[in-house]
*Asks:* 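Once you've had a glance at the structure underneath, I'll fire off some questions.
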Number of protein chains: 2
Amino acid sequence: MTTPVSIPERLFEQLKSAIFDGDIPVGSKLSEPELARDYQVSRGALREAIGRLEACRLVTRKTNVGARVVELSVENLLEIFQVRESLEGMAARLAAQFITADEIVRLESLLETHAHDIESSENQAYFQKEGDLDFHYSIVQASHNTTLFNLLCNDLYQLVRLYRYQFGMRSQRAKQAFSEHRHIVAAIKRGDGEMAEHIMRAHIRASRESVERIFIHESNDPLAAEVNA
Amino acid sequence: MTTPVSIPERLFEQLKSAIFDGDIPVGSKLSEPELARDYQVSRGALREAIGRLEACRLVTRKTNVGARVVELSVENLLEIFQVRESLEGMAARLAAQFITADEIVRLESLLETHAHDIESSENQAYFQKEGDLDFHYSIVQASHNTTLFNLLCNDLYQLVRLYRYQFGMRSQRAKQAFSEHRHIVAAIKRGDGEMAEHIMRAHIRASRESVERIFIHESNDPLAAEVNA
DNA sequence: ATTCATTAAATTGTCGACAATATTGGCCTG
DNA sequence: CAGGCCAATATTGTCGACAATTTAATGAAT
């Protein structure tokens with residue numbers, strides 16, 4: 001017995017993909033009649049889907065005017081990094097305290113997968129499109145704090161994905177980042193919460209600073225931004 | 001020209017109040033036909049309002065089954081405290097860095113109001129029903145990080161309010177908490193972010209530990225819980 | 001030509017009706 | 001009497017139509 005999926009739920013996922021892929025451009029208006037035609041659904045169902053997009057801050061709505069895809073800005077991206085540093089640092093510390101044996105196994109096998117991805121990929125602007133987020137997702141899950149999980153995985157990570165896709169961010173230090181992932185897992189495994197938090201924060205801070213350098217100081221090449229956190 | 005308010009928006013506020021006040025009991029089902037009758041609105045408008053309640057996690061929804069007011073638990077409350085310690089600590093640090101002169105004035109006048117409230121109130125289980133949250137709200141605002149603001153003020157504080165109302169939490173250390181508020185503002189005013197964060201974290205941690213003591217060790221009197229953070 | 005008012009078109013907001021699903025209660029069977 | 005099946009009922013999901021509002025298009029006046 002699989003959980004039933006309503007039309008708005010499906011639409012929500014479809015619209016997210018369309019936004020991530022740029023089929024619905026950033027900043028553009030979501031026309032209800034148009035989308036209802038395109039996706040062959042009633043406006044009611046569409047409106048509920050848009051409501052969910054609003055909830056995870058991918059679109060903003062104005063009464064009597066309509067919904068638009070959020071505008072991206074470096075300032076907002078840096079804000080998100082700041083919040084992530086704080087929350088994911090905490091997640092790493094809690095994970096070190098509460099992670100289960102089973103979760104450790106899964107986390108290490110995830111690392112193995114990523115290690116393989118790095119080896120097999122020729123160019124260095126490689127793997128972690130979702131893989132990196134998967135790692136962070138797993139850490140948050142291992143914290144066993146559902147409030148924290150909801151904030152990060154339901155809200156923030158959606159925006160992080162949007163920034164990655166839209167800015168076409170690629171890692172400039174993939175091996176470095178991967179190595180940090182390993183150290184984080186090692187610290188968690190031995191129950192060293194202090195260290196896990198410390199590395200995680202440094203890990204995310206490094207990404208933020210990379211973005212700052214690229215976008216603030218000389219922003220000619222936004223395609224080479226940082227992604228590995 | 002005042003911003004137009006749609007029916008779902010109004011309903012959202014009304015339902016929130018009804019939930020906070022216990023008119024719609026915690027854990028109970030939100031019957032669409034019943035509520036539509038009571039509030040004299042169509043089910044469509046009601047469903048959108050319920051969607052917003054779901055977004056800030058005051059209700060949970062199951063497809064084809066309906067919406068229920070969230071179940072409260074001490075575990076969840078402690079989770080929220082943990083997240084708040086992390087986020088509000090950061091907010092205090094950022095506030096020390098970015099607060100404007102105007103915001104400092106408003107913050108200090110808020111403190112004066114609270115000081116007066118404490119003086120004029122005879123019993124010690126006094127003032128801060130919303131006043132305390134107002135303080136924390138102001139600090140977050142002064143951080144000038146809109147992402148942080150959204151997470152705390154749109155999502156978490158709603159739940160905090162629900163816990164306060166439902167558990168009838170009262171401060172056991174109001175004067176102590178107020179003094180901590182003063183120290184936080186002082187640190188922010190002199191631009192000492194490290195100190196502001198440190199005090200804020202200790203402030204919230206103290207509240208969490210108070211709740212732990214009351215609910216975990218001997219929980220006979222949930223009415224005397226901690227509220228001042 | 002530019003601005004403003006007026007009107008026409010399009011879009012969003014709201015509603016009630018129908019379809020699909022879940023829940024309830026009764027009935028039958030073991 | 002317990003447990004499961006089936007019909008009846010109620011609730012949620014979905015849709016298309018109408019109303020309210022915003023946006024645009026048109027034209028008149030300065």
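Lettering of chains follows the sequences in order, A, B, ..., and the numbering in each one begins at 1. Values below: all heavy atoms of this structure, side chains included; hydrogens, waters and symmetry mates excluded.
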*Asks:* Measure CZ/B/R37 against C1'/D/dA10 and give the value in whole Å, please.
*Replies:* 12 Å
*Asks:* Assign the ring pair A/H203 / A/H181 to parallel, tilted or perpendicular, where the plane angle (0 to 90°) is split at 30° and 60°.
*Replies:* perpendicular
*Asks:* Answer yes when B/R213 and B/E209 have at least one side-chain N-carboxylate O distance shorter than 4.0 Å, and no when they do not.
*Replies:* no
*Asks:* Please give, in whole Å, the distance from C/dT12 P to A/R47 CZ?
*Replies:* 8 Å
*Asks:* Relative to the 5' end of DNA chain D, which residue comes earlier, A/V5 or A/T63, by the nucleotide with the nearest heavy atom?
*Replies:* A/V5
*Asks:* For B/F167, which of B/V26, B/L162, B/L77 qualifies under side-chain contact (heavy atoms from CB on, under 4.5 Å)?
*Replies:* B/L77
*Asks:* Determine, for nucleotides 15-21 of chain D in 5'-to-3' order, which nucleotides have protein heavy atoms under 4.0 Å from the base (write B), from only the sugar-phosphate (write S), or from neither (write -).
*Replies:* B-B---S
*Asks:* How many whole angstroms separate atom CZ of A/F12 from atom C1' of D/dG13?
*Replies:* 18 Å
*Asks:* Classify the angle between the aromatic ring planes of B/Y157 and B/H136 as parallel (below 30°), tilted (30 to 60°) or perpendicular (above 60°).
*Replies:* perpendicular
*Asks:* Checking all strands, does B/L30 fall into the base, sugar-phosphate, or nothing category for heavy-atom contacts under 4.0 angstrom?
*Replies:* sugar-phosphate
*Asks:* In terms of side-chain geometry, is the basic nitrogen of A/R10 or A/E13 positioned less than 4.0 Å from the acidic oxygen of its partner?
*Replies:* no
*Asks:* Ignoring backbone atoms, establish whether B/K29 has a side-chain N or O less than 4.0 Å from OP1 or OP2 of D/dT11.
*Replies:* no
*Asks:* Using whole Å, what does the distance between atom P of nucleotide C/dT12 and atom NZ of A/K62 come to?
*Replies:* 13 Å
*Asks:* For DNA chain D, whose closest nucleotide is more 5', that of A/V65 or that of B/S31?
*Replies:* B/S31
*Asks:* Which whole-number value in Å describes the distance from A/L46 CG to C/dT12 C1'?
*Replies:* 12 Å
*Asks:* Distance check needed: D/dA10 C1' versus B/E32 CD, whole Å only.
*Replies:* 12 Å
*Asks:* Is the closest basic N to carboxylate O distance between B/E34 and B/R37 below 4.0 Å?
*Replies:* no
